[in-house]
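Both backbone and side-chain heavy atoms feed into the values below; hydrogens, waters and symmetry mates do not. Here is how names work: the chains are called A, B, and so on, in the same order as the sequence lines, proteins then strands, and each is numbered from 1.
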2 protein chains.
Amino acid sequence: MATIRELARHCGVSVATVSRVFNTPEVVSQETRQRILDGARQIGYLPNESARTLATKKSHLVGLVWDTDHRRPGWRHPFLQEILVALKTALSGYGLHLLMLAAADSTDPDARQRYLRAVHRHSLDGLVIIDNGDRDPAVLTLADADVPCVALDLRVTGPKTTYVTSDNAGGAALAARHLIERGHRRIATITGPQQTWPGAERLTGFRSALAGAGIALPAEYVVEGNFYLDGGHAAMRRLLALPDPPTAVFAAGDEMAIGAMRAVSEAGRHVPGDVAVVGFDDIDVAALVPPGLTTIAQDKAGFGTAAAEALVTMLRDPGEPCEPTRLPTTLIVRGST
Amino acid sequence: MATIRELARHCGVSVATVSRVFNTPEVVSQETRQRILDGARQIGYLPNESARTLATKKSHLVGLVWDTDHRRPGWRHPFLQEILVALKTALSGYGLHLLMLAAADSTDPDARQRYLRAVHRHSLDGLVIIDNGDRDPAVLTLADADVPCVALDLRVTGPKTTYVTSDNAGGAALAARHLIERGHRRIATITGPQQTWPGAERLTGFRSALAGAGIALPAEYVVEGNFYLDGGHAAMRRLLALPDPPTAVFAAGDEMAIGAMRAVSEAGRHVPGDVAVVGFDDIDVAALVPPGLTTIAQDKAGFGTAAAEALVTMLRDPGEPCEPTRLPTTLIVRGST
DNA sequence: CTGAAAGCGCTTACAG
DNA sequence: CTGAAAGCGCTTACAG
């Protein structure tokens, strides 16, 4: 690896001039600039990022906090891959790289600080936090950190912290209204865990849409699930066992919806004839599992790009607080309703 | 952020001693070490990684090369998320972090060198390359790079390069023998793109298993797919249109297998009654799509952990070449056969 | 076991 | 428009 000193010697200039070519090129004369650029190519010079970071305190690195502890189920975010692609692509448009922060270390004496410590050690420019479906105490320390942070599906705000999430209540209302339009009146819901923000919001949206249409929602029509297949399956069994079972169900997540559909067929009944089902997310499987799952689609790529943009905004205007982003949701009608 | 100098002053020692506490603790006296550790906690000292990397040339960073250009279909690796979790977890066990390298920049004058340049700029300790299903010229330059590299599903080797892949031929043979045991004799295959390594190997394994059982494989029973749903669907339509259609099909990927099953039902025939189907991968959907897809499971987490181990091995013994890893595959029988 | 000092490869006021 | 020089925060022979 050639160093800046070698290139400077090679071109007969000072290291300061070389440095300027790579940082404030407009300030060096056209002729010199070209000579240095050519020289860099010839001897294979590339600025060393560590030296640069040490001198400037900017690493052009964004940390990704994604807790994948297998002991918690939350690691399996339903469409992380698409978020990741969009995030990575958007960030690289701004010259930023994504650093995946190592999983929580249980031996860590002060786990609450672990992300902030990573920020300091690696001079991270910012942080993106993906909800792991669990309330992680370390996340709370982030809100008043002095590094730009954007959380996905997690309600944290602070002077340099904002979040991106779907219009969960609106999406759930969309689902409810769709079922009402299909003529249903006995409509139940399988909710997400109520301590999660999306779980709570989707129930709220569903509830008020029914109320708005003057349709009652008996307590036994609200069953809490866990966002996974087995939770949806178990919840649907309970609903089917009711003396007055629902004719339609809104499951607050596609996996639960698929589990629910399975419970319906195991009971010898049919989707959508006996029970109509609407999900939430629009994961890949939704289109593949017969008869096709009607669902509320989230803007998966939107999560990634919105997060990148929020980050860059905060990086540019360190003073200004950054407004949260609410991504619109869409109803996708398939065979299950 | 406290610096090493501040901590040294705080504890009344030299910066060299502080540095030793964090690098070669055994060399400093128990008493001094404890005092410095306590001091570090008090004033919140954390070694700065950039300074460290600059001084040592080791970044403890592993670059992840995963080309997600949306113009190519390959970005959608079927089980990347699981690989990623396993990789990240295994790496952090060795004190390594994962840096996602930015996507290819089409304006890059020398795209072939882009990963090596990232290695140099960020002083990466190693590289993990995920097959994007396409022959990327930049990957070829890696084989004789002087940085440890491990490729997933990509046949590159070199003094510091190795790969991890499934026993594709063995898995395909497993599939073939399973269908033979079920009594089938007219067995076709929907292959992956033959320029991909897994695609080619699976066909080879399938072919020789049939040959070993004395079963003929007519040319029209071999249809090339693209690893995606639509490719499997189209291929199956061609197979069904044959004058003498097969009674069983081995699709070299689960998505193709699901597309194939769909084509079967659209033709008014049944799986497995009219046509039995075996896939490859064992992606999540395989268990969910009725009647359940019999498939050859790959060891998804194994990819990640094997890659991490190979990397660490090469890091430890820079001289020794590292043997490639072949992960065993398993037959999972479900309703489709 | 500990310290003084050079060096890692950059950036950036400060002069000119 | 360009250069000399200090500084970013560490590590590591070299002495003692």
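- The separation of C:dG16 from C:dT12, taken at their C1' atoms, amounts to 16 Å, rounded to a whole angstrom.
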- Where protein sits on nucleotides 6-16 of chain C, one letter per nucleotide: B base, S sugar-phosphate only, - none, heavy atoms under 4.0 Å: --BBBBBB---

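- Between D:dC1 and A:S29, no contact under 4.0 Å exists linking OP1 or OP2 to a side-chain N or O.
- Ion pairing between B:R52 and B:E49 holds under the 4.0 Å rule for side-chain N and carboxylate O.
- Of the nucleotides present, none pairs with D:dA4 by Watson-Crick or G-U wobble criteria with both distances under 3.5 Å.
- Across all strands shown, A:T32 has heavy atoms under 4.0 Å from sugar-phosphate atoms exclusively, and none from any base.
- A heavy-atom distance below 4.5 Å is found between the side chains of B:Q298 and B:F303.
- Taking a pair to require two hydrogen-bonding distances under 3.5 Å in either a Watson-Crick or a G-U wobble arrangement, D:dA13 remains unpaired.
- Checked by atom type and distance alone, the side chain of B:S59 pairs as donor or acceptor with a backbone atom of B:L61 at under 3.5 Å.
- Heavy-atom neighbours of B:R326 CZ from other residues, nucleotides or ligands within 6.0 Å: above the threshold of 12.
- The one candidate from A:V62, A:D125, A:D317, A:L96 that meets the side chain to side chain contact (heavy atoms under 4.5 Å, CB included) condition with A:V312 is A:L96.
- A distance-only check finds no donor-acceptor pair linking the side chain of A:D153 to the backbone of A:T165 [under 3.5 Å].
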